[in-house]
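In what follows, a single structure is set out as structure tokens and then discussed.
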Amino acid sequence: MKIPDNTELLLLTAGQKWQGYVTDIDRFLNAFYKRQTDVVEAAQKLLSDENAPERQKMLADFIQNLKENILAESREDDQPWFEGLEPRFRNKSSYMRYSCESRIRSYMKEVQSFGAIVDPVARDEYKRITETMSNELKAVRYNGRYFDRTEQKANRLCTSEGWFSCQGPFDVEACISKHSINPYSNRESRILFSTWNLDHIIEKKRTIVPCLVEAVKACNGREINWQYFYNLLFTVENIKLVHIVCHKKTSHNLSCDSSMIYGKRKKLKRLKK
């Protein structure tokens, strides 16, 4: 079969851009998935003539990903993807949602565990606040939508095809290495995606939770702004999805906003005469 000239031209253009910005060709793959046969043949032809290591890798990755069943959702349509998973997961998005939920659940358990070190006088208030947060998380299903490609664009961290891009270390605006991955593509990518981190910009254990504990101890009748802490702990307002290489484990040296810790002072209830 003759390879369309425009297809080969686009492949060459993509190869030339590779040296300027290292990507996993997610946009390139998504643009051509409907013409897999022609594009794979074009890529294979280019690969056989290519000597540059970086372009060889790009083309090899390109061919491998096109051969995967990325758009399949159900277990019946891509059984190898579900190998090792419980039978209750009938489609890819449901498992990916569960994967995100599990991470957020673990954060909630960690926050609740700090109740044991809170002064007995303030322990009930701390428990009340964490229960409020827990109920909020249950209402939004632990923000599992972040990993679900079937969600609305504003609610997910991936493209509609399932491509995730690293958002870079906590102290930069974007990932300079352009890390990306599609855990929906195959079993290996699904497993590898588990090494990507949801990294708190203002640190959870070093900063946010200790700040919450101290706020409860010193509230003196003031209402804790639990929504502020909730957003820092469990939402993308303070969380970045990062490749393991971009996950800096050093101290972030960032603090909570003192003006956001408390809400309005609690009003005393008048006794009925």
Side-chain angles (χ1 to χ4, degrees), residues 96-148 150-158 164 167-174 196-242 247-248 251-270:
M96 292 302 297
R97 176 180 280 272
Y98 166 79
S99 174
C100 186
E101 289 177 3
S102 296
R103 299 192 192 204
I104 302 298
R105 282 177 187 270
S106 70
Y107 300 160
M108 186 69 250
K109 289 180 180 179
E110 189 173 359
V111 174
Q112 291 173 323
S113 69
F114 270 73
I117 66 171
V118 177
D119 290 344
V121 176
R123 194 168 295 161
D124 287 345
E125 177 65 7
Y126 186 84
K127 182 178 180 181
R128 183 189 70 80
I129 292 170
T130 56
E131 285 181 349
T132 300
M133 291 182 180
S134 180
N135 290 334
E136 182 72 11
L137 280 175
K138 289 176 183 177
V140 295
R141 297 177 62 188
Y142 294 90
N143 288 330
R145 62 182 183 271
Y146 291 155
F147 289 0
D148 185 352
T150 66
E151 275 283 345
Q152 295 295 316
K153 184 176 181 179
N155 296 332
R156 49 180 161 82
L157 293 175
C158 60
F164 291 83
Q167 296 175 317
F170 74 93
D171 54 353
V172 299
E173 292 186 3
W196 283 48
N197 293 276
L198 289 176
D199 188 27
H200 289 79
I201 300 171
I202 300 176
E203 295 172 282
K204 172 174 76 319
K205 194 171 183 178
R206 284 181 175 148
T207 305
I208 305 172
V209 178
C211 180
L212 175 59
V213 170
E214 288 303 315
V216 171
K217 291 180 181 178
C219 67
N220 191 27
R222 291 172 292 180
E223 184 71 34
I224 301 292
N225 184 3
W226 67 267
Q227 188 71 50
Y228 170 67
F229 288 100
Y230 172 91
N231 289 337
L232 293 182
L233 289 164
F234 309 116
T235 76
V236 291
E237 182 174 314
N238 185 54
I239 291 176
K240 300 178 77 172
L241 177 67
V242 298
H247 186 209
K248 295 182 179 180
S251 177
H252 294 189
N253 293 318
L254 298 172
S255 58
C256 296
D257 184 347
S258 60
S259 68
M260 296 295 293
I261 293 175
Y262 296 107
K264 296 179 180 180
R265 183 177 292 273
K266 294 179 181 178
K267 295 181 179 180
L268 297 175
K269 294 182 179 180
R270 293 183 179 181

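Panel note: side chain Tyr146, backbone Leu241; no donor-acceptor pair is recorded below 3.5 Å. Listed for the Asn225 side chain is a donor-acceptor partner under 3.5 Å among the backbone atoms of Met260. In this structure, the side chain of Asn143 engages the main chain of Phe234 through a donor-acceptor pair within 3.5 Å. Put simply, the side chain of Arg222 gets close to the backbone of Ala218: a donor and an acceptor are under 3.5 Å apart.
Closest of all the heavy-atom pairs between Ile224 and Ala215 is CD1-O, 3.5 Å. Shortest non-hydrogen contact noted between Ile129 and Trp226 is CG2-CB, 3.8 Å.
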Under 3.5 Å, sequence neighbours excluded: what are the donor-acceptor pairs made by side chains of residues 97-105?
from, atom 1, to, atom 2, distance (Å)
Arg97, NE, Asp148, OD2, 3.3
Arg97, NH2, Asp148, OD2, 3.3
Arg97, NH2, Glu151, OE2, 2.5
Ser102, OG, Tyr98, O, 3.0
Arg103, NH1, Trp196, O, 2.7
Arg103, NH2, Phe193, O, 3.4
Arg103, NH2, Trp196, O, 3.4

Pairs of donor and acceptor atoms involving the side chains of residues 116-123, under 3.5 Å and at least two apart or interchain, shall be tabulated with distances.
from, atom 1, to, atom 2, distance (Å)
Arg123, NE, Gly115, O, 3.3
Arg123, NE, Val118, O, 3.2
Arg123, NH2, Val118, O, 2.8

Applying side chain to side chain contact (heavy atoms under 4.5 Å, CB included) to Val236 and Leu198, what does each step give before you reach the verdict? CA-CA 9 Å; Val236 291; Leu198 289 176; over 6 Å; no

Test side chain to side chain contact (heavy atoms under 4.5 Å, CB included) applied to Thr130 and Met108, step by step: CA-CA 8 Å; Thr130 56; Met108 186 69 250; 4.1 Å; yes

Any chance you could lay out the side chain to side chain contact (heavy atoms under 4.5 Å, CB included) test for Thr207 and Leu232, step after step, and finish with the verdict? CA-CA 10 Å; Thr207 305; Leu232 293 182; over 6 Å; no

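Under the side chain to side chain contact (heavy atoms under 4.5 Å, CB included) criterion, Ser251 pairs with Glu203, Arg206, Asn253, not counting sequence neighbours. Remark: Tyr142 pairs with no residue by the ring-ring contact (aromatic ring centres under 6.0 Å, His included) rule, at least two apart or across chains. For the side-chain hydrogen bond (donor to acceptor under 3.5 Å, both in side chains) test, residues two or more places apart in sequence or in another chain that qualify with Glu110 are Lys204.
For the atom pair Asp171 CG and His252 NE2, the distance stands at 7.5 Å (nearest 0.5 Å). In this structure, the separation between CG on Asp257 and SG on Cys211 is 9.5 Å, given to the nearest 0.5 Å. Residue Met96 holds its CE atom at 11.5 Å from OG1 of Thr150, rounded to the nearest 0.5 Å. Taken from CE in Met133 to CZ in Phe229, the straight-line distance is 7.0 Å, to the nearest 0.5 Å. Within the model, atoms CD1 of Ile202 and CG of Asn231 stand 11.0 Å from one another, a figure rounded to the nearest 0.5 Å.
Ring geometry, Phe164 versus Phe147: the interplanar angle exceeds 60°, so the pair is classed perpendicular (tilted spans 30 to 60°).
For the pair Ile239 and Ile201, the minimum side-chain heavy-atom distance is 4.5 Å or more. Put simply, the side chain of Leu137 reaches to within 4.5 Å of the side chain of Tyr230, judged on heavy atoms.
Annotation for Lys127: atom NZ does not count as buried by contact number, only 12 or fewer foreign heavy atoms lying within 6.0 Å.
Listed by first and then second residue, the ring pair (Phe, Tyr, Trp, His ring centres under 6.0 Å) pairs that reach into residues 105-127 are Tyr107-His200, sequence neighbours excluded.
Under the 4.0 Å criterion applied to side-chain N and carboxylate O atoms, Glu131 and Arg128 are not assigned as salt-bridge partners.
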